[in-house]
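To keep things clear, I will list the structure first and then write my remarks on it.
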Amino acid sequence: MEELIEKLKGELIAELNLEEIKPADIDAEAPLFGDGGLGLDSIDALEIILILERNYGIKIDNPAQGKEIFYSVKTLAEYITAHQK
Amino acid sequence: MQPITITKSCQLKGDVLTVDGCEEPFDFKELVADASLRRRMSRIVKMGVACGLKCAEGLAPETIDGIITATGLGCLADTEKFMESIVVNNERLLNPTPFIQSTFNTIGGQIALLRGIHSYNVTYVHRGLSFESALIDAAMQIAEGRRNILLGAVDEITPSSADIQRRLGMTREYELGEGANFFLINAATPGRHRPAVLDIATRSGRLTTDEMIEWIVEITKRNGIKTSDLCIYTNCDDELAKTIDDKFEPISITLFNYKNCEYPTLSARFLDSAASDMYIIRKDYNVLIVNDYQHINHSLILLGKM
């Protein structure tokens, strides 16, 4: 899980152009969206959907689950671990 | 046309920003405080936005009645990224950011969003006459009673677009360049001693030296200005420059070395140079900008002081 979390941090930094942030700066349990975390927005959510589909072959079937899945790097990693074939 | 005044002229070339010809330090992080907006901006967007924001500095958003931008080729880096993603991902799962940022109106749109300017916002993409079209529109907006118009021109060069233009034989004579210019335009009121655009004319297609000379005579005649009283700024070739010099004996000819820096909205840089010189020199004289973009798109911009 730790390895996947670190990989995800690197992918988020690269795909979302988080040029001023290093992997160590990202708290795996902090919220990705809104205040108090990375402060990502709806365009970033689309980019994360693409990371899941392209890099892990995972499609989110139920959009209502998005809020829980995208809460933090840790919740993303847990979802990938549970759904990757 | 009704004359328009250039109240402020900003240019970004490389990392150097000038306001009315004088270098001014700037920090992009201060200009665009929102990190999430900054990280999505490509180089051309940063160039244009920095230059535009600097030009609009000190003005309340509601006093800016229009943002008119010009670009010959637009946001190339983002366009390339988006097109590459179409190919690599087999037309599926395309990233939204390069698509959103690749549109021609990205720079005008970003400036409007950042400053909360809700007025007229248009981008002209007319090859080598994009800036001239934007300038004509700015003059028409002022003639219709608008107060301040933010007029800009931005073009960038990327390795792949330079390579394509070389392969197409477009750059046999030229080295490609890039730059961002913004001007604050408003109605000309006599007594301010600011540079003013008195007339603009454009033509497309190849013109002979005789046709160019005739055209210059025509624009000066209709504005009641003697060709010998002009300072000429031009990127035309040596033959035409020599003919202009011999025939008109102008006060001076400033030759922009087009061979070192060619891009579709280069005439905006000529306007910045001419306007900055007119502002700094503080003497009354007329300027004629003779733009000969790749011998295909031509424009004449006549300036005076008002």
Side-chain angles (χ1 to χ4, degrees), chain A residues 7-28 30-63 65-67 69-73 76 79-80 83-85, chain B residues 15 26-50 75-114 116 156 158-159:
Chain A
K7 192 178 167 218
L8 269 171
K9 286 181 184 178
E11 286 168 338
L12 289 175
I13 289 171
E15 295 292 329
L16 309 181
N17 290 323
L18 302 170
E19 41 196 37
E20 291 155 26
I21 292 171
K22 294 186 191 96
D25 299 333
I26 302 174
D27 177 352
L32 290 171
F33 296 86
D35 297 333
L38 281 181
L40 303 185
D41 58 25
S42 57
I43 298 172
D44 296 313
L46 291 171
E47 299 280 5
I48 297 173
I49 290 171
L50 292 180
I51 293 175
L52 293 182
E53 285 202 46
R54 275 192 206 148
N55 302 0
Y56 301 95
I58 294 172
K59 209 170 174 178
I60 296 166
D61 297 321
N62 182 6
Q65 279 186 292
K67 215 172 176 182
I69 302 164
F70 289 179
Y71 180 76
S72 66
V73 177
L76 268 175
Y79 188 80
I80 291 168
H83 292 81
Q84 209 172 16
K85 287 163 194 163
Chain B
D15 292 330
F26 78 101
D27 181 355
F28 191 71
K29 282 185 188 172
E30 268 175 34
L31 284 173
V32 182
D34 186 341
S36 61
L37 273 180
R38 248 184 358 244
R39 69 183 157 87
R40 291 205 180 101
M41 291 182 181
S42 63
R43 201 165 49 88
I44 186 178
V45 179
K46 283 181 179 166
M47 280 161 56
V49 166
C75 305
L76 282 176
D78 280 314
T79 305
E80 286 168 10
K81 217 189 251 183
F82 180 62
M83 291 179 79
E84 193 185 346
S85 130
I86 291 176
V87 175
V88 170
N89 298 301
N90 201 22
E91 299 184 21
R92 290 183 67 248
L93 302 173
L94 305 177
N95 297 71
T97 307
F99 169 66
I100 297 166
Q101 300 290 89
S102 68
T103 56
F104 290 118
N105 201 37
T106 302
I107 292 156
Q110 288 286 356
I111 294 168
L113 284 170
L114 282 160
E156 72 171 333
T158 62

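- Heavy atoms closer than 4.5 Å to chain B are found in both the backbone and the side chain of A:Leu16.
- Ion pairing between a basic and an acidic side chain is recognised when a charged N comes within 4.0 Å of a carboxylate O; A:Glu19 and B:Arg38 show no such pairing.
- Taking the charged nitrogens against the carboxylate oxygens, B:Asp78 and B:Arg43 have no contact shorter than 4.0 Å, which rules out a salt bridge.
- Annotation: A:Gln65, atom CD; neighbour count of heavy atoms from other residues, nucleotides and ligands within 6.0 Å is above 12.
- Looking at B:Arg39 and A:Asp44, a side-chain N of the basic residue comes within less than 4.0 Å of a carboxylate O on the acidic one, giving a salt bridge.
- In this structure, chain B has heavy atoms under 4.5 Å from both the backbone and the side chain of A:Leu18.
- For B:Ile100, the part lying near chain A is the side chain, with the backbone staying farther off; criterion is any non-hydrogen pair under 4.5 Å.
- Looking at A:Ile43, the atoms closer than 4.5 Å to chain B (heavy atoms on both sides) sit in the backbone and in the side chain alike.
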